[in-house]
Amino acid sequence: RCLSDWSSDVCSSDLRWFDYALKGVQNEYATGAPVRIFVMGENKWREEREFPLVRTKYTKYFLHSSHELNTSAPGQDGPDAYEYDPANPVPTIGGRLCCGNQIPPGPADQRPNEGRPDVLIFSTPPLDRDVEITGWIHAEIDAASSAVDTDFTALLADVEPSGYARFLTDGIVRARYRNSTEKAEPIVPGEIYRYNIDMWASSNVFKAGHRIRLYISSSNFPRFNRNLNTGELILGATRMVKASQKIYHDAKHPSTLVLPVIPSPSP
């Protein structure tokens, strides 16, 4: 039975899906496209035959010491540094939230966090054409920490000409679980490791004149639990230490944002 606060269109669509999946009714779900996505930026639904899309061109956007984000590999860029203090974490602003969180979810403007010294920002120049990304997104970050354990976070935003930085997706990796969540592997302070930050999937068209922006930090609280940087079990832990973080982006350590770019259709 449909709940009273559902829209009639959603309710009807769900019932037709259950008719097909559970009763074998040969309606539009039996013959239609198996994938339907909502493309932000264009703000329209689109049907596809598979996911990820076969025509995806996974494109690396390299981080640079100029805080630019582009497809040119870095040269002898020096690392960027910041200090992560678990007692003063980067606050969550919107995004994928649920389950009783008191912070409003959704595509919130990320600019309030841009003045923090523990948030690194990398942006493309204004785009000269529309760029669609649809699919799985991740960041490959080469980083070192003064701690035996810490976190690294990544957040992707679509920046409008007005400056509004609209949340798209985010992710986090805990250093000691960088290779597997099944086995903890403490890091050696000062050593450089590769961190693959899964930012899940999204679909968005960055319109011409907009910027692609990546935020790198070590916290996103309370969306993600804080790492106290001690390597101790989180449950019951109270001791905190500050961590000095370095993000590398040179020829040997080319930190990148990997985007699933969808080529524009031929004219």
- Item | Ionic contact status for Glu42 with Lys207, cut-off 4.0 Å | yes
- Item | Side chain proximity check, Pro52 to Trp136, heavy atoms < 4.5 angstrom | yes
- Please check if Tyr248 and Tyr61 belong to a single hydrophobic cluster, counting links between Ile, Leu, Val, Met, Phe, Trp and Tyr side chain heavy atoms closer than 4.5 Å. no
- Item | Side-chain heavy atoms of Glu185 within contact of Arg178, under 4.5 Å | yes
- Query: Donor-acceptor pair, Ser219 side chain versus Phe221 backbone, under 3.5 Å?
  - Reply: no
- For side chain to side chain contact (heavy atoms under 4.5 Å, CB included), just list the numbers for Val35 and Glu50, CA-CA rounded to whole Å, side-chain angles, deciding distance to a tenth of an Å, and then say yes or no. CA-CA 6 Å; Val35 178; Glu50 74 288 314; 5.5 Å; no
Show which side-chain atoms of residues 111-118 pair as donor or acceptor with protein atoms under 3.5 Å away, not counting sequence neighbours.
from   : atom 1 : to     : atom 2 : distance (Å)
Arg111 : NE     : Asp109 : OD1    : 3.2
Arg111 : NE     : Asp109 : OD2    : 2.8
Arg111 : NE     : Gly163 : O      : 3.3
Arg111 : NH2    : Asp109 : OD2    : 2.7
Asn113 : ND2    : Pro91  : O      : 2.9
Glu114 : OE2    : Arg213 : NH1    : 2.9
Glu114 : OE2    : Tyr215 : OH     : 2.5
Arg116 : NE     : Asp118 : OD1    : 2.9
Arg116 : NH2    : Asn88  : O      : 2.7
Arg116 : NH2    : Pro89  : O      : 3.4
Arg116 : NH2    : Asp118 : OD2    : 2.9

- Query: What closest approach, in Å, do Pro86 and Arg226 show between heavy atoms, and which atom pair accounts for it?
  - Reply: O-NH1, 3.0 Å
- For the pair Arg46 and Glu132, find out whether any cationic side-chain nitrogen is under 4.0 Å from an anionic carboxylate oxygen. yes
- Minimum side-chain heavy-atom gap Thr153-Ile216 below 4.5 Å: no
- Side chains of Met199 and Leu257: does their closest heavy-atom pair fall under 4.5 Å? yes
- Task: Using the rule that two of Ile, Leu, Val, Met, Phe, Trp, Tyr join whenever any of their side-chain heavy atoms come within less than 4.5 Å, decide whether Ile93 and Leu120 are in one cluster.
- Result: no
- Item | For His210, the option from Asp158, Asp130, Thr124 that meets side chain to side chain donor-acceptor pair (under 3.5 Å) | Asp158
- Query: Got a sec, which hydrophobics cluster with Leu22, joining ILVMFWY side chains under 4.5 Å apart, including via others?
  - Reply: Trp17, Phe18, Tyr20, Tyr29
- Query: According to the interplanar angle, ranging from 0 to 90°, do the rings of Phe122 and His67 count as parallel (below 30°), tilted (30 to 60°) or perpendicular (above 60°)?
  - Reply: parallel
- Would you say Asp149 and Arg174 make side-chain contact, with heavy atoms under 4.5 Å? yes
